[in-house]
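Read the structure below first, then the notes.
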Amino acid sequence: MSIGKSSIARAASNANTQSHNTSEKSNSFTVAKFNIDKIGVLSIAETPSDNDCLKLKESIKKRGIIYPVLVAITPKEDVWLIDGYRRFYTAKELGITDIDAVVITVKSKTEANSLYKEMCLSTSHKNGDSIHQEKFNVLAVKDHDLPAYLL
């Protein structure tokens with residue numbers, strides 16, 4: 001997988017879908033601002049409980065969303081949420097309409113599901129900083145444009 005520079009640029013300029021409002025290149029990976037209603041959730045993903053999001057809700061109210069979510073974009077420009085479900089649902093609940101996301105390209109929704117499963121398996125028995133390390137390790141085995149210092 002590589003970050004879809006042309007896919008993001010094409011989607012960002014597509015005024016009809018308005019799923020991307022801005023796109024910027026930063027440190028060899030793409031971060032784009034997405035309309036939250038244009039991001040699809042994978043049916044295999046668990047919906048976080050309200051109790052699971054209480055502290056996060058207060059943090060977002062105070063500081064905003066600090067870390068972008070991770071989305072996958074297909075050649076048809078469908079956007080699927082891979083990581084950041086708590087942030088995503090909490091942002092929706094708070095009425096936030098746009099969210100920053102790190103973007104990777106995938107060939108299909110099936111590949112997005114596989115990536116989601118790999119990330120879940122890598123974090124299922126971990127906590128704290130080790131979760132973030134494992135997520136980066138999953139991305140490291142994919143064809144990517146992430147700089148080495150992030151891996």
Side-chain angles (χ1 to χ4, degrees), residues 1-49 52-53 56 60 64-94 96-151:
M1 273 180 248
S2 66
I3 303 214
K5 298 169 189 95
S6 61
S7 296
I8 294 301
R10 214 175 32 253
S13 65
N14 185 349
N16 293 335
T17 63
Q18 293 183 9
S19 61
H20 305 73
N21 295 331
T22 61
S23 179
E24 64 185 60
K25 183 77 171 159
S26 172
N27 297 326
S28 299
F29 59 90
T30 302
V31 176
K33 188 170 288 293
F34 287 82
N35 178 306
I36 205 163
D37 293 326
K38 302 292 181 180
I39 299 173
V41 295
L42 298 171
S43 58
I44 63 170
E46 288 186 30
T47 304
S49 69
D52 198 25
C53 298
L56 180 60
I60 290 174
I65 299 174
I66 298 171
Y67 296 108
V69 297
L70 176 65
V71 297
I73 188 168
T74 67
K76 293 181 181 180
E77 297 180 0
D78 295 325
V79 181
W80 299 103
L81 185 62
I82 302 297
D83 186 52
Y85 277 84
R86 287 183 337 119
R87 285 168 276 160
F88 176 81
Y89 282 112
T90 302
K92 272 190 128 173
E93 187 177 322
L94 292 172
I96 295 172
T97 58
D98 295 318
I99 193 166
D100 288 331
V102 174
V103 183
I104 59 173
T105 57
V106 294
K107 295 175 186 169
S108 65
K109 182 179 179 184
T110 302
E111 189 175 352
N113 278 321
S114 295
L115 183 57
Y116 172 82
K117 287 177 187 177
E118 288 176 45
M119 294 188 91
C120 286
L121 287 174
S122 71
T123 60
S124 62
H125 295 93
K126 310 239 184 252
N127 57 21
D129 292 334
S130 64
I131 290 175
H132 300 292
Q133 180 63 42
E134 289 298 321
K135 287 178 183 179
F136 280 117
N137 289 344
V138 168
L139 292 174
V141 299
K142 302 292 182 187
D143 180 20
H144 61 77
D145 290 336
L146 291 173
Y149 69 87
L150 287 177
L151 301 173

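Being a predicted model, the structure only gives us computed values, none of them experimental.
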Heavy-atom side-chain contact between Lys109 and Asp78 under 4.5 Å:
no
May I have the step-by-step check of side-chain contact (heavy atoms from CB on, under 4.5 Å) for Ile96 and Ile60, ending in yes or no?
CA-CA 10 Å; Ile96 295 172; Ile60 290 174; 3.7 Å; yes
Which atoms form the tightest heavy-atom contact between Val102 and Pro68, and what is the distance?
CG2-CG, 3.8 Å
Value for CD1 (Ile66) from CG (Asp100), rounded to nearest 0.5 Å, stands at 12.5 Å
Donor-acceptor check, side chain of Arg87 to backbone of Tyr67, threshold 3.5 angstrom: yes or no?
yes
Considering all heavy atoms, the nearest Cys53-Pro48 contact
SG-CB, 3.9 Å
Pair Phe34 + Phe88: ring centers closer than 6.0 Å:
no
Would you say NZ of Lys92 has more than 12 non-hydrogen atoms from neighbouring residues, nucleotides or ligands within 6.0 angstrom?
yes
For the student: nearest non-hydrogen atoms of Asp98 and Asn35, plus distance
OD1-CA, 3.4 Å
So OH of Tyr116 and CG of Asp83: to nearest 0.5 Å the spacing works out to 8.5 Å
Kindly compute the distance separating OG1 (Thr30) from CD1 (Ile104), expressed to the nearest 0.5 Å.
11.0 Å
Give, for atom OG of Ser43 and atom CG of Asn113, the distance between the pair rounded to the nearest 0.5 Å.
6.0 Å
Nearest 0.5 angstrom please: Tyr89 OH to Thr47 OG1, how far?
4.0 Å
Heavy-atom nearest pair, Ser108 first then Thr74, reads C-CG2, 3.9 Å
Give, for atom CG of Leu81 and atom CG of Leu70, the distance between the pair rounded to the nearest 0.5 Å.
8.0 Å
If you define the side chain from C-beta out and look only at heavy atoms, does anything of Lys117 sit under 4.5 Å from Ile44?
yes
Closest approach of Lys38 to Val79 (non-hydrogen atoms, all atoms of both residues)
O-CB, 4.0 Å
